[in-house]
2 protein chains.
Amino acid sequence: MDNNTRSERTRAAVIQAALAIIARDGAGHLTLDAIARESGISKGGLMHQFRTKKAVLAALMEHQAAFFENYARDHIAAHGHQHAQPRLAAEIATLHAAVADPRSLALALLGAVAQEPELLGTTRMADREALEVIRAEAADPDLATLRWLAARGLTLSSLFGLSPLTDAERDHLFTLLADEARWTGQPGSDQAGGKQG
Amino acid sequence: MDNNTRSERTRAAVIQAALAIIARDGAGHLTLDAIARESGISKGGLMHQFRTKKAVLAALMEHQAAFFENYARDHIAAHGHQHAQPRLAAEIATLHAAVADPRSLALALLGAVAQEPELLGTTRMADREALEVIRAEAADPDLATLRWLAARGLTLSSLFGLSPLTDAERDHLFTLLADEARWTGQPGSDQAGGKQG
DNA sequence: TAAAAAAAACCGACTGAACGGTTTGTATTT
DNA sequence: AAATACAAACCGTTCAGTCGGTTTTTTTTA
């Protein structure tokens with residue numbers, strides 16, 4: 001096999017192994033030795049592709065960012081026309097998808113939080129930009145922000161092992177957050193503070 | 001000084017040192033040596049009071065749980081009569097207070113998430129109980145849950161270094177979450193989906 | 001076009017530092 | 001005198017990263 005393919009295959013194996021370890025054993029158990037064992041390559045081979053452990057975590061974060069960005073973009077392309085607030089709908093859908101996957105790339109956040117917090121800077125900036133778009137497209141920017149924060153609460157709680165909810169409860173709440181009619185007082189949906197007949 | 005006082009003083013110093021390290025250096029830098037240095041006691045003295053590192057983390061979690069429980073209880077005692085949903089109001093206020101303190105006991109969650117995830121079980125159970133009360137007191141249990149989740153989103157994002165908001169924006173959003181009139185469509189407050197004249 | 005050289009990917013043993021915890025001792029309190 | 005709190009040196013293990021090597025692929029040379 002050619003070297004480019006070989007390298008990419010190794011890098012992909014490392015990323016998958018890292019996520020598996022975080023999901024199963026916790027962020028504290030993510031070590032270079034553990035990644036090498038889990039991915040079936042040697043520690044020297046791992047370190048040839050990633051010069052330092054921080055480089056592994058940075059790669060995890062890059063993959064996570066790309067996944068979130070691509071998922072949101074695809075959601076807007078496919079469903080944007082159906083929504084008054086396409087970007088908020090996309091963010092809610094992305095977080096919902098991220099949390100439903102037990103090997104989610106979102107686990108990269110757990111790894112960075114635990115071991116390299118300065119890698120979170122790029123995530124904060126990306127979230128800032130997303131939030132600006134979410135607020136700009138909304139008739140009620142504060143309500144849109146709070147819906148986004150509730151989705152974040154669901155996601156971060158689940159991701160970090162802090163959620164008191166079942167999977168079914170979580171999915172139900174995500175569905176409520178995504179339901180635009182509920183939040184804009186349109187007919188056909190129970191709305192805050194009142195009942196539809 | 002008597003031995004009980006001595007022990008308690010040492011234990012308090014350890015707790016404060018641990019929170020300072022997590023806040024400043026991140027959860028990954030919380031080690032027994034770092035705690036000993038930061039607290040000004042020896043490693044032997046530290047280990048006399050906490051038999052293992054896990055015991056230190058468990059103590060952090062106990063203090064955090066007590067703080068949250070006491071803060072919520074005090075809030076209900078002082079302000080409960082003013083709220084249709086006193087427990088939700090108390091939870092929002094507790095999370096707001098927790099996140100405003102740079103040395104917050106909530107940082108215990110960060111330590112446990114990073115190093116001893118099984119210590120989070122008690123937190124999940126306590127949150128489950130709180131959520132049951134919050135839902136029981138609400139006319140719209142789902143809306144109450146979502147408000148609670150938004151407060152959680154604000155808190156966990158800030159705590160874990162993931163928040164794209166300024167402190168002023170965060171405080172503003174907590175204030176909105178706490179405003180019962182806003183969420184129940186009462187006069188005097190902008191409400192979801194409509195305007196008050 | 002085949003062989004040789006160079007480059008890249010990978011392996012596994014090794015190193016020094018950091019880590020959690022232990023041991024032996026001293027000082028203070030009971 | 002015994003118990004408790006604490007200090008400091010120490011131990012074995014784990015860790016990130018290094019190093020010298022092998023294998024495979026790519027490029028250069030004859």
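Just so we're on the same page: letters track the sequence lines, and every chain starts at 1.
In this structure, B:Thr52 does not reach the C:dG20 phosphate: none of its side-chain N or O atoms is under 4.0 Å from OP1 or OP2. Note on B:His48: a side-chain N or O is less than 4.0 Å away from OP1 or OP2 of D:dA5. The side chain of B:Ser7 contributes an N or O atom lying less than 4.0 Å from OP1 or OP2 of D:dA5.
In this structure, B:Ile35 atom CD1 and C:dG21 atom C1' are separated by 13 Å, rounded to whole Å. One atom, CZ of A:Arg51, and another, P of C:dC10, lie 13 Å apart when rounded to the nearest Å. Distance, A:Arg37 CZ to C:dC10 C1': 18 Å, rounded to whole Å. Whole-Å rounding puts the B:Asp33 CG to D:dC11 P distance at 16 Å. D:dT14 atom C1' lies 14 Å from atom CG of A:Leu30, rounded to whole Å. Rounded to a whole Å, the CG atom of A:Leu46 is 13 Å from the P atom of D:dT18. Remark: C1' of C:dG20 and CD of B:Gln115 are 11 Å apart, rounded to the nearest angstrom. The CG-C1' distance, from A:Asp2 to D:dT26, rounds to 10 Å in whole Å.
In terms of heavy atoms, B:Ala90 sits closest to B:Ile76 at CB-CG1, 3.7 Å. Scanning both residues, B:Phe160 and B:Leu109, for their nearest heavy atoms gives CE2-C, 4.5 Å.
Here D:dT4 is the nucleotide among C:dC19, D:dA16, D:dT4 with the atom lying nearest to any side-chain atom of B:Asn3. Closest contact between the side chain of A:Arg6 and the listed nucleotides C:dA9, D:dA7, C:dC11 involves C:dA9. Taking every side-chain heavy atom of A:Lys53 into account, D:dA16 is the closest of D:dA16, C:dC19, C:dC10. With C:dC19, D:dC15, C:dC11 as the candidates, the nucleotide lying closest to the side chain of A:Ser42 is C:dC11.
Within the model, atoms CH2 of A:Trp183 and CG of A:Asp140 stand 11.0 Å from one another, a figure rounded to the nearest 0.5 Å.
No side-chain donor from either of B:Arg124 and A:Ser163 sits under 3.5 Å from a side-chain acceptor of the other.
Tested against A:Leu30, the residues A:Leu110, A:Leu107, A:Leu57, A:Asp25 include a single side chain to side chain contact (heavy atoms under 4.5 Å, CB included) partner, A:Leu57.
Comparing B:Lys54 and B:Asn4 by the nucleotide of DNA chain C whose heavy atom lies nearest to each, the residue mapping closer to the 5' end is B:Lys54.
Between the side chain of B:Lys43 and the base of C:dG20 there is at least one donor-acceptor pair of N/O atoms closer than 3.5 Å.
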